[in-house]
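Okay, structure first, notes after.
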Number of protein chains: 2
Amino acid sequence: MLHTFFKLSTVALFCSTAVAGAALTNAYAAEAQTERHTVEVTTVADGLNFPWGMAFLPTGEALITEKSGSLRRVGLDGVISNAISGVPDVVYKSQGGLLDVAIDPDFGENSWVYLSYSEADPAGGKGNSTAVARGKLVGNNLQDVEVIFRGAPKYESGAHFGSRLAFSPEGYLFITLGDRYSAMDDAQTLDNHHGKVVRIWPDGSIPEDNPFVGQEGALPEIWSYGHRNVQGAAIHPQTGALWTVEHGPKGGDEINIPVAGHNYGWPLATYGIDYDGSIISDKTHVEGTVQPHYYWLPSIATSNMIFYTGNEFPAWQGDLLVGALKASKVARLDLEGKRVMHEEALFEQVVEQRIRDIEQGPDGAIYLLTDDRNGKFIRISNADD
Amino acid sequence: MLHTFFKLSTVALFCSTAVAGAALTNAYAAEAQTERHTVEVTTVADGLNFPWGMAFLPTGEALITEKSGSLRRVGLDGVISNAISGVPDVVYKSQGGLLDVAIDPDFGENSWVYLSYSEADPAGGKGNSTAVARGKLVGNNLQDVEVIFRGAPKYESGAHFGSRLAFSPEGYLFITLGDRYSAMDDAQTLDNHHGKVVRIWPDGSIPEDNPFVGQEGALPEIWSYGHRNVQGAAIHPQTGALWTVEHGPKGGDEINIPVAGHNYGWPLATYGIDYDGSIISDKTHVEGTVQPHYYWLPSIATSNMIFYTGNEFPAWQGDLLVGALKASKVARLDLEGKRVMHEEALFEQVVEQRIRDIEQGPDGAIYLLTDDRNGKFIRISNADD
């Protein structure tokens, strides 16, 4: 960490030296052609240690998580802050660590910041699970930190934690989870959080109209089930509905529009096969389970996604932009209503690292985080003539 | 033509010598892997002179058109007949010639065969247009031949004739047309057949409920407008609706589900640009025009398409298979209802010629025609273990 910290400081120094005011350095910039826009791809900051999630503050800075457990502010001038104190301890192991970050819809009034992460068993067991905590961001500290969701059961694995955080227009908090890989069958039973999307209130209380409230043996936080590893979530700007994207095994990454109480089929039905080539299920359709809204085969290894609504890229308004780890690209799905009319691969030649997160900035530009020891915070802006 | 005829005979002789009974020769067979099935690709016959359309007879033979003006029977044993007599004269020029063939839904009782083709001006002018004629197939002759549709105006061009023929479950005949390229603006006006889909009864009479019947200045055959060059058509097996696929210019090939009286936007709105790189329209969305159901950019140069419904390929049932000239492939669109969930490129490495037509055979196999001087009639069958 000391080494990393030194490196971050160096980058910050470089950027603040190299640029005037809030202008971005062009040292890292590249132009790329797409079907509808020419874009400029600028590395705002690098040296981030496996950054995972980001959220923009009203100040215009981004809050960025590093999987190893640090939460930092990063300015559009490239300045990276020291780690924010008060962040819960995380299990930093394989796919686990500090994962997503979101700010409260009323952040301006309440300063709540939400973090999802891999949490050790508080009882001292060997297992871990995805948890969500919130704390009030005051200066460079998180205060009044409380755990508002704790995945059950605690399970010994370094894989498939999910997770993304998404607030619906009504103020519900959706948390997307993973099946913990070796516990995949749990995705079909309701007495655990493996392979589920859950919906809670921001204080951790359970909405009374959740689909399984009052059902014996079912956990009341559950919104939908039969998922594999959901690492992307976005709220449709017109309908307010939750859309998710999940990793398939070898192939079969899925976009879903999870409906309360519905079963999305994993591992009974899938378009993919296991990593060793073995068959998990030879079925793509199983009665009582919902087909994906859209899927990729071969897998592109989907990370997060956004509905683009900004003015920076008029031709992309309403489109769904899906980050991919494997192809180091963003898949642009041209939507008409909910229907995918066309898919375009964006930024393939100009982003050479796995894309872990994608967000739209307050300025309408598109921001990416790359999944690397020397992870980048990248800005995509319009370079049309 | 003499040379071609000799060549065809040679092929026929080869095939009937090389195989036993109705079995197909393996001399031309290749296996290919796809996402869901292993397929065997067999050249049933070659030496066809730019074949364009095919339709299966109750005998199991295919009727196949050659663009230069011949209609032939081709057996699944590879035997190619002499040209059937009685076929109307065609304007064989550039994209024009003898185009699609369809048999009447009640063929067993009435023996009607329908042909679309480029027809010279009967008044002796220099123009031409797409026409549709029908005749009764008796032995190797077409009898009682009558023109049931004649595109207007006659126009001097060798480009964008359409055309596919598709019978709806109610017995309507849909004819898909092209904009004649240099007359593209006509696609937006209703006093001509350029860039239209038309709907008639099989005897050429006009359905009373066609959308523009009784509208002054509008041709009553028109079903939908604002198309560019529609060379593929299929009826959805569940809904009975017409689906079409049309060539974009440079990019923007479109699948549409044409609704009576609707405007599909060409050339006001398009996802493509002209062949020389110039802009036809910078708009993809224009008020009052319908977005494509799905589109390709870059263009794959779509030809015909089918909804697959056979038992030979269970995993493809309900899918839309779209032939492509440019990529020498078939695009498989995995549909859930009308929604495209996924696209797969089939047969790319094993069909090395442009694919001009695709049909499902009575045996559930998939048949292709390739667009070449030495055009092939290809059978795709299941080779799963």
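Throughout, protein chains are lettered first and strands after them, A, B, ... in sequence-line order, and every chain is numbered starting at 1.
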Criterion side-chain contact (heavy atoms from CB on, under 4.5 Å) on His293(A) and Met341(B), from CA distance to verdict: CA-CA 6 Å; His293(A) 189 70; Met341(B) 287 197 295; over 6 Å; no
Residues Ile280(A), Met184(A); criterion side-chain contact (heavy atoms from CB on, under 4.5 Å); working and verdict: CA-CA 10 Å; Ile280(A) 293 164; Met184(A) 62 175 74; 4.3 Å; yes
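Residue-level contacts of residues 313-325 of chain A with chain B do not occur; threshold 4.5 Å between heavy atoms. Proximity to chain B at a heavy-atom threshold of 4.5 Å picks out nothing from residues 234-249 of chain A.
Remark: Glu254(A) CD to Thr302(A) OG1 distance equals 9.5 Å, nearest 0.5 Å. Expressed to the nearest 0.5 Å, how far OG of Ser299(A) lies from NZ of Lys326(A) amounts to 4.5 Å. In this structure, His37(B) NE2 and Asp384(B) CG are separated by 6.0 Å, a value rounded to the nearest 0.5 Å. One distance of note links CG of Leu190(A) with NZ of Lys196(A); it measures 6.0 Å at 0.5 Å rounding. Expressed to the nearest 0.5 Å, how far NE2 of His194(B) lies from CG of Asp185(B) amounts to 12.0 Å.
Around CD of Glu287(B), the count of heavy atoms belonging to other residues, nucleotides or ligands within 6.0 Å does not exceed 12.
Contacts between Gln291(A) and chain B at a heavy-atom distance below 4.5 Å involve backbone atoms as well as side-chain atoms.
Of the candidates Lys329(A), Arg332(A), Arg36(A), Arg332(A) is the only one forming a salt bridge (Lys or Arg N to Asp or Glu O under 4.0 Å) with Glu344(A).
Looking at Val330(B) and Phe347(B), their side chains come closer than 4.5 Å, going by heavy atoms from C-beta outward.
Interface check for chain A: of the options Tyr295(B), Tyr294(B), Tyr271(B), the most heavy-atom pairs under 4.5 Å are formed by Tyr295(B).
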